[in-house]
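All values below come from the heavy atoms of this structure, side chains included, with hydrogens, waters and symmetry mates left out. Since this is a predicted model, take the numbers as computed values, not measurements.
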Amino acid sequence: MRSLIQRLAPSPDCRSLRFAIHVVPYRRGTMPLSLFMMIAICFCGPIMLVVPAMAQQDRLLPGQVQCETINRRVPPAGQAPPPSQLQQWEERLAAMWPRIASLPSPHREDIEVLVKACRWAIDFHEFYSPKDFSKVDRLLDLADARLAAVTTDATPSPTFAPPSSSSPPSSVSPAVALQGRTVRGFRSRIDGSVQPVGLVFGNEVAETSRQRKVPLYVWLHGRGDKVTDLHFICQRLDNDGQIAPADAIVVHPFGRQCLGYKSAGETDVMEAIEFACTQYPVDRSRIVLMGFSMGGAGVWHLAAHYADRFVAASPGAGFAETARYQRLTPDQYPPPWVQILWNVYDVPPYTKNLFNLHLIAYSGELDKQIQAARVMEEAFQRYGRTLHHVIGPGMGHKYHPDSLRSILKEMNQWVQSGQPAERDRLFLQTRHLRYNKMRWLEIDGLQSLYEDTQVEAMRAPEGLWRLTTKNASRLAIDTRAANAPSGTVAIDGQRLELAPQKINRLQRTEAGAWQLVEAFPTLRKHHGLSGPMDDAFLEPFLFVIPTGQSHHRRIDQWVQCELNYWRNRWRYLFRGQVREKQDVDVTDEDMQRYHLVLWGTPGSNALLRRLLEHRGDGAVPIHWHQDQVRIGLWSAPADRSVPLAIYPNPAAPHRYVVINSGPTFRDAHDRTNSLQNPQLPDWAILSVDQPRSDESPGRVLRCGFFDDQWQITPALSWSSE
């Protein structure tokens with residue numbers, strides 16, 4: 001009998017005070033089966049006492065693990081609901097859940113997203129005035145109405161229209177209306193959680209869609225520390241928002257609430273767009289990206305990193321980079337690895353990508369956040385371009401009505417023409433291999449990591465494509481793609497013959513020439529396997545929980561506290577639920593499907609021990625023994641140090657293993673979205689002598705990046721001592 005963990009999941013029969021039961025496997029000669037309860041106090045205050053699930057007799061017992069107090073910033077704790085109200089909600093949720101669980105997709109997600117919003121609000125006390133209590137009743141009524149609509153219609157549609165203000169919730173119809181407003185749910189591939197998305201249908205969409213597909217406008221909302229699922233859904237049911245083009249669908253991604261559309265928030269936006277494109281008659285060549293404040297920052301980031309997805313974009317206010325926005329002078333800069341990691345999300349290093357689409361920036365004349373557009377004006381000027389920047393006269397942090405009308409008029413013109421089928425020029429600029437593709441062109445490797453890397457492709461009048469590169473070590477050209485080169489191309493002046501209808505791989509030799517190759521090296525940094533540690537959390541991941549115990553109780557305590565910190569932080573900030581399995585339960589299929597986040601030590605986590613013992617190709621360059629932790633040339637005592645790292649999984653080379661880390665920005669960084677960036681590189685050795693805090697899981701002794709072949713490189717390694 002293997003260990004069974006009842007996770008702290010958003011099931012409707014849970015209470016604000018939840019229990020997780022660990023059933024310890026019976027082994028001959030050991031104690032009888034033991035039950036341990038771990039109290040998970042939903043965050044009205046500090047992290048709680050934690051009871052780890054250990055398989056040995058000599059285990060940490062309840063009360064022996066005291067974790068540091070780390071208070072959450074976002075969302076803030078609000079009011080607890082009245083006990084009588086809470087009891088009514090719990091009874092409704094308990095009765096509703098079995099009916100929801102039996103529904104097929106997408107009906108289940110459309111209803112579950114409402115139940116989850118209520119569940120999270122109850123558990124985390126996300127009520128900020130007495131009138132907020134009625135929002136739970138409203139969404140539960142809507143969930144009941146949607147359930148009734150699905151179960152009484154023989155051929156239900158996936159689209160639900162919200163009840164109007166004058167109609168009772170029972171009037172919800174499953175008919176495909178393509179009009180008005182609605183909120184739906186989709187299941188995120190990152191963690192399997194259901195996420196809300198608002199939709200607004202212009203009054204011409206239903207008629208237009210009979211003749212052709214319609215444009216999609218993506219609107220990114222501003223920061224709202226208290227606008228959690230419950231409040232976001234009610235807003236989207238009641239308001240069209242800043243824009244509502246008559247002939248288009250507007251999609252409002254939730255973006256995991258308050259992540260600045262980075263990390264899982266970035267994936268959330270792209271999944272919301274894909275959801276809209278697959279569920280509705282959307283013309284993918286006519287997708288527009290807009291937003292304001294935090295949403296404007298999201299537009300800068302996503303437009304620069306995914307420029308080929310959009311015909312046009314308009315960032316309003318927001319921020320575009322970190323150092324100048326934070327008004328940092330060099331003497332105030334963080335450690336060098338953090339400065340390098342600014343290159344993941346800062347927009348100026350990706351400026352040339354914005355030349356692939358139509359762009360209009362907006363700022364209020366009196367808004368201090370005009371700073372973002374000024375920074376990008378300078379970035380455009382460095383390449384001989386001028387940023388189209390509309391300034392609202394006399395405006396602070398808001399749109400001038402005339403300015404917004406002007407922007408929408410230009411957007412409409414570009415939307416009507418759509419993305420061109422033929423292009424004579426293509427720009428690709430990056431500093432991180434997560435963002436390495438533009439249409440038919442892909443940068444697979446960088447000569448120097450996190451340095452400016454560019455490919456500019458231009459088609460001459462006679463049809464020959466000429467590519468010039470900077471800092472690229474490997475390229476891929478897909479001749480199957482629309483408008484892609486075929487036959488002869490010139491790369492940095494060297495002529496090569498591309499094969500038709502295939503992905504052509506090109507590698508730079510030591511002498512600097514380009515050559516066609518059949519395959520790239522398996523162990524290399526490339527898209528989806530480039531680090532840093534945060535990179536794993538944009539894709540499906542699985543927490544792997546230790547069932548054993550190490551030689552050092554102090555390290556076990558750190559592991560248990562940090563593990564539970566991330567279980568809870570993923571819920572309250574990332575608005576999801578981590579998948580988790582015990583080390584003895586992970587299957588080969590899990591390894592192929594997920595990035596594995598391995599918690600513990602080689603003594604406590606059997607899977608971590610197995611992976612660290614792997615020798616040969618792809619061996620993880622971490623040596624962790626009873627007395628010492630060693631990475632490369634650097635070592636530390638194992639009784640008070642712990643390694644954090646990311647590396648390709650030797651058993652599934654297309655997936656990561658992450659050791660003892662979640663995303664590396666913490667609660668202190670939530671005070672501004674501009675700081676929600678990676679804080680640690682590919683590996684680190686931490687001292688647990690320094691208490692865990694809202695800024696760091698411990699004191700960094702050594703850290704660094706692996707090189708292009710995933711090897712230790714002293715040139716990209718640092719000591720804090």
Side-chain angles (χ1 to χ4, degrees), residues 67-68 70 263 322-323 326 328 330-345 449-450 530-537 552 554-563 565-566 569 597-601 608 612 620-624 628-647 656-670 675-707 710-721:
C67 296
E68 299 88 341
I70 301 178
S263 188
T322 308
Q326 287 292 317
L328 298 177
D331 61 300
Q332 299 171 315
Y333 282 180
W337 60 87
V338 178
Q339 296 176 50
I340 289 173
L341 289 168
W342 286 343
N343 287 304
V344 176
Y345 289 123
L449 298 179
Y450 295 97
S530 63
M533 287 178 250
D534 296 69
D535 196 54
F537 299 95
H552 308 295
R554 189 177 185 184
I555 300 301
D556 285 340
Q557 174 172 312
W558 181 93
V559 168
Q560 288 299 320
C561 290
E562 191 66 7
L563 166 59
Y565 170 74
W566 275 108
R569 181 163 168 78
V597 184
L598 306 175
W599 293 95
T601 73
L608 175 57
L612 292 183
V620 181
I622 297 175
H623 303 273
W624 195 351
Q628 185 186 78
V629 176
R630 181 164 58 86
I631 301 179
L633 301 174
W634 299 284
S635 62
D639 62 341
R640 56 183 183 274
S641 307
V642 62
L644 281 63
I646 189 168
Y647 204 80
Y656 287 122
V657 288
V658 179
I659 300 175
N660 289 321
S661 183
T664 58
F665 63 93
R666 298 169 77 86
D667 290 86
H669 306 112
D670 297 341
L675 294 179
Q676 291 174 316
N677 304 311
Q679 302 294 312
L680 288 173
D682 296 342
W683 63 269
I685 301 176
L686 300 185
S687 168
V688 300
D689 289 339
Q690 175 179 299
R692 298 164 52 257
S693 72
D694 60 356
E695 289 189 289
S696 172
R699 182 166 63 93
V700 177
L701 300 175
R702 301 273 182 176
C703 68
F705 296 95
F706 295 110
D707 66 13
W710 284 98
Q711 301 303 306
I712 298 291
T713 171
L716 288 173
S717 302
W718 297 270
S719 169
S720 63
E721 298 175 340

Next on the checklist: If I compare all heavy atoms of Trp634 with all of Pro714, which pair ends up nearest, and what's the gap?
Outcome noted: CH2-CA, 4.2 Å
Item to check | Whether Trp683 and Phe706 hold their rings parallel, tilted or perpendicular, with breakpoints at 30° and 60° | outcome: tilted
Checklist entry - Just wondering, do Leu686 and Leu701 contact through their side chains at under 4.5 Å, heavy atoms? => result no
Checklist entry - For Ile70 and Arg666, what are the C-alpha separation, side-chain angles and deciding distance, and is it a side chain to side chain contact (heavy atoms under 4.5 Å, CB included)? => result CA-CA 10 Å; Ile70 301 178; Arg666 298 169 77 86; 3.8 Å; yes
Next on the checklist: Using only atom types and a distance under 3.5 Å, with no angle test, would you say the side chain of Asn660 pairs donor to acceptor with the backbone of Gly600?
Outcome noted: yes
Item to check | Verdict with supporting geometry, Ser263 and Phe665, side chain to side chain contact (heavy atoms under 4.5 Å, CB included) | outcome: CA-CA 10 Å; Ser263 188; Phe665 63 93; 4.3 Å; yes
Item to check | Reported CD1-to-CG distance for the pair Ile622 and Leu644, which is rounded to 0.5 angstrom | outcome: 9.0 Å
Next on the checklist: Looking at every non-hydrogen atom in both residues, tell me the closest pair between Tyr450 and Asn343 and how far apart they are.
Outcome noted: O-ND2, 3.7 Å
Item to check | Min side-chain heavy-atom separation Asn677-Leu341 under 4.5 Å | outcome: no
Checklist entry - Given the rule in the side chain to side chain contact (heavy atoms under 4.5 Å, CB included) test, do Val642 and Val629 qualify, once you have shown the distances and angles that lead to the verdict? => result CA-CA 7 Å; Val642 62; Val629 176; over 6 Å; no
Item to check | Taking every non-hydrogen atom, the tightest pair across Ile712 and Ser717 | outcome: CG2-OG, 4.5 Å
Checklist entry - Are the aromatic rings of Trp566 and Phe537 close, with centres under 6.0 Å apart? => result no
Item to check | Nearest-0.5 Å distance, CD1 of residue Ile646 to CG of residue Asp535 | outcome: 6.0 Å
Next on the checklist: Please check this pair: side chain of Tyr333 against backbone of Val338, looking for a donor-acceptor N/O pair closer than 3.5 Å.
Outcome noted: no
Checklist entry - Taking the side chain from Glu68 and the backbone from Arg692, do they hold a donor-acceptor pair closer than 3.5 Å? => result yes
Checklist entry - In Å, rounded to the nearest 0.5 Å, how long is the span from CD1 of Ile340 to CG of Leu716? => result 6.0 Å
Checklist outcome for this item: Taking every heavy atom of Pro643 against every heavy atom of Ile631, the minimum-distance pair comes out as CB-CD1, 4.2 Å
Checklist entry - Looking only at heavy atoms, which two atoms of Tyr656 and Ser530 are closest? And how far apart? => result OH-N, 2.8 Å
Item to check | Residues which pass salt bridge (charged side-chain N to carboxylate O under 4.0 Å, His left out) with Asp694, listed by chain and number, not counting sequence neighbours | outcome: none
Checklist outcome for this item: Minimal heavy-atom distance between Trp599 and Ser661, with the atoms involved, is CH2-N, 3.7 Å
Checklist entry - Would you find a donor on one side and an acceptor on the other, under 3.5 Å apart, between the side chain of Tyr647 and the backbone of Pro621? => result no
Checklist entry - Do the side chains of Tyr345 and Pro678 get nearer than 4.5 Å, heavy atoms only? => result yes
Item to check | Expected output: side-chain Gln676 to main-chain His669 donor-acceptor under 3.5 Å | outcome: no
Checklist entry - Using 30° and 60° as the class limits, which term best fits the ring planes of Phe705 and Trp718: parallel, tilted or perpendicular? => result perpendicular
Next on the checklist: I'd like to check Val688 versus Glu562 (side-chain heavy atoms, cut-off strictly below 4.5 Å). Are they in contact?
Outcome noted: no
Item to check | salt bridge (charged side-chain N to carboxylate O under 4.0 Å, His left out) partners of Arg554, counting only residues at least two apart | outcome: Asp689
Checklist entry - Would you find a donor on one side and an acceptor on the other, under 3.5 Å apart, between the side chain of Asp534 and the backbone of Thr664? => result yes
Checklist entry - Hey, does the side chain of Trp558 reach the backbone of Ser641 with a donor-acceptor pair shorter than 3.5 angstrom? => result no
